[in-house]
Amino acid sequence: MNITQPFGSTLDLIGNTPLVLLKGPSEAAGCEIWGKCEFANPGASVKDRAALYMIRDAEARGELKPGGTVIEGTAGNTGIGIALVANALGYKTVIVMPDNQSSEKMATLRALGARLVLVPPTKYADPAHFQHTSRRMAEETEGAIWAGQFDNVANRRAHIETTAPELWEQLEGRIDGFTCAAGTGGTIAGVGLGLKERDENIRIALTDPHGAALYSYYAEGELKSEGSSVAEGIGQGRITANLEGAPIDTQFRISDEEGIAWVEKLLRDEGLCLGLSSGINVAGAIALGQQLIGEGRENPRIATILCDTGFRYLSTLYNAEWLREKGLPVFDWLENDADGAANSDVD
Ligand code: PMP
């Protein structure tokens with residue numbers, strides 16, 4: 001990789017993220033587990049790619065004109081990506097977000113200059129749901145477009161055209177499986193389609209958190225959820241347009257506890273500070289590696305997505321009080337911090 005390559009614009013910084021071999025997960029699986037470092041995008045998440053593609057698509061269709069506004073309903077990361085891309089291209093941003101998302105995401109969106117509209121979390125069928133609210137606002141605002149990431153397939157095209165070929169090249173065409181969780185489904189469907197174009201034997205697995213309906217859909221053909229998850233940005237209850245025709249070969253259901261255990265180990269042992277969806281993806285990648293090994297595949301190589309930075313969750317996932325409140329295990333070093341025993345020196 002040529003790291004001295006200069007870029008002509010901020011937008012060129014999106015994508016071409018590094019791929020890292022994850023030591024602990026590879027040892028646990030007994031094969032290579034690779035993580036695509038999507039936290040290295042300018043907006044620190046996988047959603048910068050979709051934001052860029054949806055905005056470029058609206059421009060190409062003639063719907064988004066100079067000085068226009070991009071409106072979106074998002075759990076946060078897509079909004080951050082849209083705000084950055086919109087700033088770079090001279091558009092305004094309005095983001096509608098459920099009010100139970102991390103305060104870091106809200107503060108980040110405000111800092112980037114987006115107008116933030118918070119709504120109470122509610123069922124998708126409720127007209128007050130953040131997605132419907134954002135669509136109505138776009139319809140009522142002059143010069144505005146609704147990005148509509150869930151059913152806008154420019155989202156998954158970003159992954160067909162960029163993430164999949166990057167993975168293929170980075171692994172020199174030797175990849176046996178890919179897995180990740182779905183929010184909109186853009187990543188799993190797009191990477192799945194892009195990789196299958198190159199080698200149809202690559203196994204594509206959906207990794208679903210508890211509380212989502214896709215695991216049972218792919219396992220039994222029925223949208224049905226079980227349990228719940230505190231993971232932000234993932235967990236889908238319907239087949240979005242991005243998920244239609246997604247080449248899902250197999251599926252895993254991963255608990256928050258399993259995901260958090262990997263978030264903890266990756267930070268403690270490998271210096272990677274990630275969000276919970278990344279931990280869930282890594283647990284899914286290990287399950288996929290073990291499945292392929294169980295079928296006799298030798299040294300399978302699995303890739304997954306490290307979706308966003310843990311710095312976005314300092315008040316939640318990395319906060320002992322919040323973890324305790326949710327009944328989740330607290331990382332050792334956070335326990336120490338709580339009674340003032342650690343970090344007492346000021347440098
Ligand atoms: N992880 C995080 C933290 C996210 O914000 C998202 C996007 N909602 C995803 C994973 C899932 O990505 P996708 O929308 O492409 O399914």
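Note that this is a predicted model, so its numbers are computed, not measured. Remember, it's 1-based here, ligands and their atoms both numbered in the order they're listed.
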| message | Before we go on, tell me: are the rings of Y318 and F331 under 6.0 Å apart, centre to centre? | response | yes

| task | Return the protein residues near ligand 1 (heavy atom under 4.0 Å from any of its atoms), ordered by chain and residue number. | result | K47, N77, A182, G183, T184, G185, G186, T187, E232, G233, I234, S277, C307, D308, Y313

| Should L243 and I188 be marked as a side-chain contact (heavy atoms from CB on, under 4.5 Å) after you check the CA-CA gap, both sets of side-chain angles, and the distance that decides it? | CA-CA 8 Å; L243 279 169; I188 184 74; 4.0 Å; yes

| task | Specify whether Y124 and H132 have parallel, tilted or perpendicular ring planes, treating 30° as the upper limit for parallel and 60° as the lower limit for perpendicular. | result | tilted

| Taking atom types as modelled, is there a side-chain donor on W168 or Q170 under 3.5 Å from an acceptor on the other? | no

| task | Heavy atoms only: give me the nearest H129-T122 pair and the separation to one decimal. | result | CD2-O, 3.1 Å

| So, S229 versus D256: side-chain donor-acceptor pair below 3.5 Å or not? | yes

